[in-house]
Amino acid sequence: PHFMIELPNKDDALCFNINDKPGTIFTLVKDTKSGILVNGQIIGDKQIPADGKIYTYFWRFGIIHRNLGVKMEVSTNGISVFQDDSRLKLRWSNTTSIKGDGMDILLTKDRSLTVTLKDSVKFVILLHKVWKKHPYHRDYLGFYTLDTHLLSPSVHGLLGQFYHGIEYTVSNLRPGEVPEKPDATMHVKGRELNVTRGWQRDFRSDVKNGENVPCWFIHRNGTGLIDGEASDYIVSGLF
Amino acid sequence: ARLLQKRSTQPVRAEVLSVKVDCAVTSRFAHTVMTSTALNKANVSQEIFFEVELPKTAFITNFSMEIDGQVYVGEVKEKETAKKQYEKAVSSGQTAGLVKASGRKMETFSVSVNIAAESNVTFVLTHEELLQRKLGQYEILTRVKPKQLVQEFQIVANIYEPQGIAYVETHATFLSNELLPLVEKTVTEKKAHIAFSPSLDQQRKCPGCDGTLIDGDFVIMYDVKRTSSLGDIQIVNGYFVHFFAPPGLSRVPTNVVFVIDRSGSMSGNKMHQTREAMVAILQDLKEDDYFAIVPFDDEIIWWKETLTKATKENVTEATEYVKGLYASGGTNINGALLKGVNMLLTDRAEKRIPERSINMILLLTDGMPNHGETDPKRIQENMASANAGNMTLFSLGFGNDVDYSFLNVLSQKNKGLARRIFEGSDATLQLKGFYEEVSSPLLSEVDLRYPDNAVDLLTSNHFSQLFNGSEIVVAGRLADNNLDNFLVEVVGQGFEDNFQVQGKSAALDWATTYPDEKYIFGDFTERLWAYLTIQQLLEKRKSGSSDEKVNATAKALDMSLRYSFVTPLTSMVVTKPETEKGPDSPLIADKLTEEERQQAERNSRYHHRQTFPSYNAPIPSSNVPVPSYNAPAPPSYFVDGD
């Protein structure tokens, strides 16, 4: 999957890919102060394609809001919401709007799930439906955070660590391997990284084709940009 | 106005030679010309961007580009026709200019054109609007963002008000103590001249640096003198306009039911701001007003069963009540409105409220009815049928996702209007400000009458209310072009008595009123009439019957084309010159509807980024002027499949 950090104040964006063995679970957001946790599990293609590359995608997210007593499991198969003692199951094949205690849910049939958790976070999970008989690909999910300003400064995770901004500069622009994608040197967190100008796709407005977002691509699973290594974010369970 | 050059890996600046904003206001009708000239200093041809912001109430009337002595002029076409050209251009990989929403009050017009090395380009954009009087003043708003020092920078406004100018004030968000004395203001009895023209050095942020101080809003506010109870009637070139806002009228007491959405979706900031606004609004009630509070979610409750006189004690009690409102549950707008109507009708029938008073309902909601009657059309019908013309409904649509068109039609069918309340720290002020606008009715059921045989093609001449600080404007064509006076009558219901005035109007002799001026822009009364007619037809398209909608659309389109206004029914098409990269391509300027603006804002929130016409991955650079927006979108973070 590709990660994207959009920084409108800089009119710029950063992006990186993280891949691992299918089944791996990563922590995307963790804020112990507000009690929010978002973990995601990746899945691989049905078989290894002709080019030999293993592509992985998120197919299941586990979300917890401890203070509200909310637990959600969102997968390509369906959505389960647990709050206190009650449990709610939703199917991607329905359009539903639910206004709950501290939580609003808007499910758009076969497309997106928008969740607003009171005084903490608003996010959208997109469902990418793939032709069932596709030889390689399966359905997968995208996770987009829309409003995070209420999370605490200590929020972390593969996405969460960027919620309060990141300082960097880019210099030494030079031709890259591909003419349209020049390379440059990024100075970030006291390191110098070789980065490449490219695009990644944002699927919110057009879930099928997406929209290209120009970004600085950080190689090797975002090493140097993220705190530690991608493997540091691996956890054993969805919750 | 600002000029940008295309982002590229090796940026070479285009030099902005001049930026001029020239605004002439004649009897509230503002005609603004924005001109900008740039020089491509690079030794290769490059794309030059022209981007300006104009008030959303304005219609673009003209646009041209002058390149190497050749002028390319815009042409207003029916939107569908223009769209076909646009689609063709896009499918062949060319770019087009567009109008985009920009903040609450403005929209952005932007075009780009390829300019040869060492060549000049001059862009000229003209727009027109009828200034609306709000809270006792007219406002001319000019947004300037040149982004770099400009050799010749100038904002000039000339205001011609034959009725007499009461006062003129100016301010700008970028005016420092050093720049303040540079604003020239000359006000005579019927004319005001405002000019602001800082030199290159005066524009600089600091000595020797390239940054400019000029970035923000330049605002002129003024009002006219009012002496006649008949208002002011001006006859010019076979058209007339009647401005009606007589002095010295007493406020009519109001009976207001506050219908407040406290459903789950209002939780957080919206509910907090609603409570704050209600506390402030309650303090503004006058002692002779009556009021009720009907909060609703999927349940409808009320503070008191009947309307209550706004005594100090009652207001204090109500204030405590609204402070305790919290959000949860579904949204039953239909039931809550009907409860409000019922309270007003019952209290009126049982004479618990004064006979001479105005009934109104103020609905505050973020929309999305999901309980009781949920079909927006049925809610509109139910409300209009229960109301039967007895009261006015004002709707305040809270938040970016509110279904504004639903509330707009709902209010229009009930003699009122809707306003969007934008989520932000000033939402409380917006709510209170709207209440201030509508809470002081001076007259109700106002009719402005003119002799049938003397005038035709009248704009609306019946108004449910005249509010303090606002103004009624009626315009029409004279049946006889040589007519220079006719009898005018205005009737309405005031606080204590019926209001009725009659008088004769006389044609204005502009040569006597403004002896030193050359002809300002002769057809402004006709254009004012056309602008007002189109605005009203566009409103009728939304709330009229199906026949009315079809007729209104056809008439509005015809007039937009005839008077060269870019309205939601038309587009302006400019053909860009042929370049080595490709053939001529059209640029399209549209007018956004409120719904399109809202959609654009949503998109902007979700996809706040610049789009780039080039095939190279664009790279931000501190050397390149980058677009700026009113409020930067929040950052977004996501992970998705490739």
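In what follows, every chain begins at residue 1, and chains take the letters A, B, ... in the order their sequences are listed.
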_For Thr148(A), which atoms come within 4.5 Å of any heavy atom of chain B: side chain, backbone, both, or neither?_
side chain
*So, is the end of the Arg138(A) side chain (NZ or CZ) under 6.0 Å from the ring centre of Trp59(A) and within 45° of the ring's axis?*
no
*Side chain, backbone, both or neither: which part of Ser265(B) has an atom under 4.5 Å from a heavy atom of chain A?*
both
*SB check Asp104(A) Lys99(A) (cutoff 4.0 Å)*: no
*Please check if the side chain of Asn370(B) supplies one atom and the backbone of Thr331(B) the other of a donor-acceptor pair under 3.5 Å.*
yes
Let me have the donor-acceptor pairs involving side chains of residues 163-170 of chain A, under 3.5 Å, with sequence neighbours excluded, atom names and distances please.
from      : atom 1 : to        : atom 2 : distance (Å)
Tyr163(A) : OH     : Thr145(A) : OG1    : 3.4
His164(A) : NE2    : Ser152(A) : O      : 3.0
Tyr168(A) : OH     : Asp12(A)  : OD2    : 2.7

*Name the option with the most non-hydrogen atom pairs under 4.5 Å to chain B; the candidates are Phe162(A), Phe58(A), Phe143(A), Phe123(A).*
Phe143(A)
_Using the salt bridge (charged side-chain N to carboxylate O under 4.0 Å, His left out) criterion, which residues pair with Lys30(A)? Sequence neighbours excluded._
none
*Between Leu158(A) and chain B, which part of the residue has a heavy atom less than 4.5 Å away: side chain, backbone, both or neither?*
neither
_Contact origin within Leu28(A) toward chain B - heavy atom pairs under 4.5 Å_ = side chain
